Amino acid sequence: NENGSSKFMCKDCGDTFLGTQSRIIAHKLQIHGRGVAVCMVPPTDEVRAALEPIDTVGHKEVMTRKRSPAVDGKAKQLSKQKVRAHEETDMAVARFFYECDIPFHRADEAAFKRMIRSVCESGSSYAPPERERISDNQPRTEISGSKGKLPEKPPGLLWSCFEELRKDREACIASAQTVGATLVSDGAKNQQLGVVAYAASTPKATVFFSMTDTSQMPA
């Protein structure tokens with residue numbers, strides 16, 4: 001565009017954003033506060049080795065141009081406040097895991113990181129939905145009353161999530177017809193049940209499409 005930035009799509013997480021080299025580096029290295037959402041896929045050692053030296057040089061040049069004694073003092077104070085806020089947030093997240101009996105490995109899930117990022121981007125005024133709306137599977141509807149039609153009732157979140165998954169599936173199929181798809185599978189087994197789930201992965205999306213019951217199959 002006129003500011004010299006271009007539109008990019010991350011091949012790892014699928015996010016698209018406007019930016020220059022500094023935003024690409026911040027996205028891939030998961031650096032917050034650079035005006036771009038961080039990548040949900042942790043960078044590999046090779047990516048860090050390639051990008052961290054570039055980011056160090058660029059960040060030092062920017063800070064050298066902007067730094068002054070007064071700004072440094074204020075920045076240190078803000079930095080301490082941010083550290084305390086981050087520690088309190090970490091405690092709140094950890095207690096949520098402990099008190100709700102959530103397995104610790106769920107903290108590595110892309111869905112969990114996507115949720116946290118969305119909450120942060122919504123700001124301090126955000127309030128989570130009630131359980132009724134989370135479990136609501138109804139589309140947007142008009143509510144009629146004694147005085148005529150009332151404002152539309154928003155769609156249930158369960159219905160909205162299914163719609164989003166349907167669109168992801170359509171995008172996955174369209175992408176597979178162009179560039180192909182990778183078939184991925186994973187299995188789980190206990191004393192009563194054994195299953196293998198299959199999904200198709202493309203640059204646009206990864207979607208589940210079938211599951212096989214292996215509990216009756218010979219070992």
Side-chain angles (χ1 to χ4, degrees), residues 7-18 27 30 32 36-42 89-90 92-144 149-190 193-213:
K7 189 172 184 179
F8 299 93
M9 184 181 76
C10 177
K11 67 178 183 179
D12 293 322
C13 70
D15 273 2
T16 58
F17 56 90
L18 288 174
H27 175 78
Q30 297 182 321
H32 295 274
V36 64
V38 299
C39 184
M40 292 186 296
V41 180
T89 303
D90 285 345
V93 172
R95 288 189 61 172
F96 174 72
F97 273 75
Y98 306 150
E99 296 171 14
C100 297
D101 296 325
I102 299 175
F104 298 152
H105 70 270
R106 295 301 184 188
D108 297 327
E109 296 285 349
F112 173 73
K113 296 177 181 179
R114 181 171 62 246
M115 176 192 69
I116 295 296
R117 187 180 67 190
S118 296
V119 170
C120 292
E121 291 176 349
S122 295
S124 59
S125 62
Y126 173 78
E130 301 289 343
R131 65 177 181 177
E132 288 80 8
R133 183 149 189 254
I134 294 176
S135 61
D136 188 357
N137 192 28
Q138 299 300 315
R140 186 186 303 274
T141 56
E142 292 183 349
I143 303 175
S144 299
K149 291 183 178 180
L150 300 176
E152 289 184 340
K153 173 181 173 292
L157 290 175
L158 184 57
W159 183 87
S160 297
C161 287
F162 274 124
E163 281 295 295
E164 189 173 281
L165 290 174
R166 182 183 61 78
K167 292 177 182 178
D168 285 345
R169 182 183 177 91
E170 292 175 353
C172 183
I173 293 173
S175 179
Q177 292 173 341
T178 304
V179 299
T182 301
L183 179 66
V184 294
S185 64
D186 193 13
K189 186 176 182 180
N190 57 29
L193 179 66
V195 296
V196 176
Y198 300 93
S201 179
T202 72
K204 290 292 185 181
T206 299
V207 294
F208 163 84
F209 67 88
S210 72
M211 182 175 67
T212 300
D213 181 1

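These figures come from a predicted structure and were not determined experimentally. Numbers here simply count residues along the sequence, with the first being 1.
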Hey, what do you get for [atom1] ([X]) to [atom2] ([Y]), rounding to the nearest 0.5 Å?
X      : Y      : atom1 : atom2 : answer
Leu165 : Cys172 : CG    : SG    : 12.0 Å
Thr202 : Gln177 : OG1   : CD    : 11.0 Å
Ser160 : Asp136 : OG    : CG    : 8.5 Å
Cys161 : Asn137 : SG    : CG    : 10.0 Å

message = Run the side chain to side chain contact (heavy atoms under 4.5 Å, CB included) test against Tyr126 and tell me which residues pass, sequence neighbours left out.
response = Val119, Ser122, Pro128, Pro129
Give a yes or no on this: more than 12 heavy atoms of other residues, nucleotides or ligands lie within 6.0 Å of atom [atom1] of [X].
X      : atom1 : value
Asp186 : CG    : no
Met115 : CE    : yes
Glu132 : CD    : yes
Glu121 : CD    : yes

inquiry  = According to salt bridge (charged side-chain N to carboxylate O under 4.0 Å, His left out), who are the partners of Arg166, at least two apart in sequence or on a separate chain?
reply    = Glu163, Glu170
Partners meeting salt bridge (charged side-chain N to carboxylate O under 4.0 Å, His left out) with Glu99 (sequence neighbours left out) =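 Here the qualifying residues are Arg95.
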ask   = Checking Ser118 side chain against Arg114 main chain: does a donor-acceptor pair fall under 3.5 Å?
value = yes
ask   = Would Phe97 and Phe112 count as a close aromatic pair, with their ring centres under 6.0 Å?
value =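 Ring centres of Phe112 and Phe97 closer than 6.0 Å.
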Closest heavy-atom pair and its distance - [X], [Y]:
X      : Y      : value
Arg117 : Ala37  : CD-CB, 3.8 Å
Lys113 : Ala107 : CE-O, 3.7 Å
Arg133 : Pro154 : NH2-CB, 4.0 Å
Cys39  : Gln30  : O-NE2, 2.8 Å
Ala110 : Met40  : O-SD, 3.7 Å

request  = Take Leu183 and Tyr198, measure what side-chain contact (heavy atoms from CB on, under 4.5 Å) needs, and give me the verdict at the end.
outcome  = CA-CA 7 Å; Leu183 179 66; Tyr198 300 93; 4.3 Å; yes
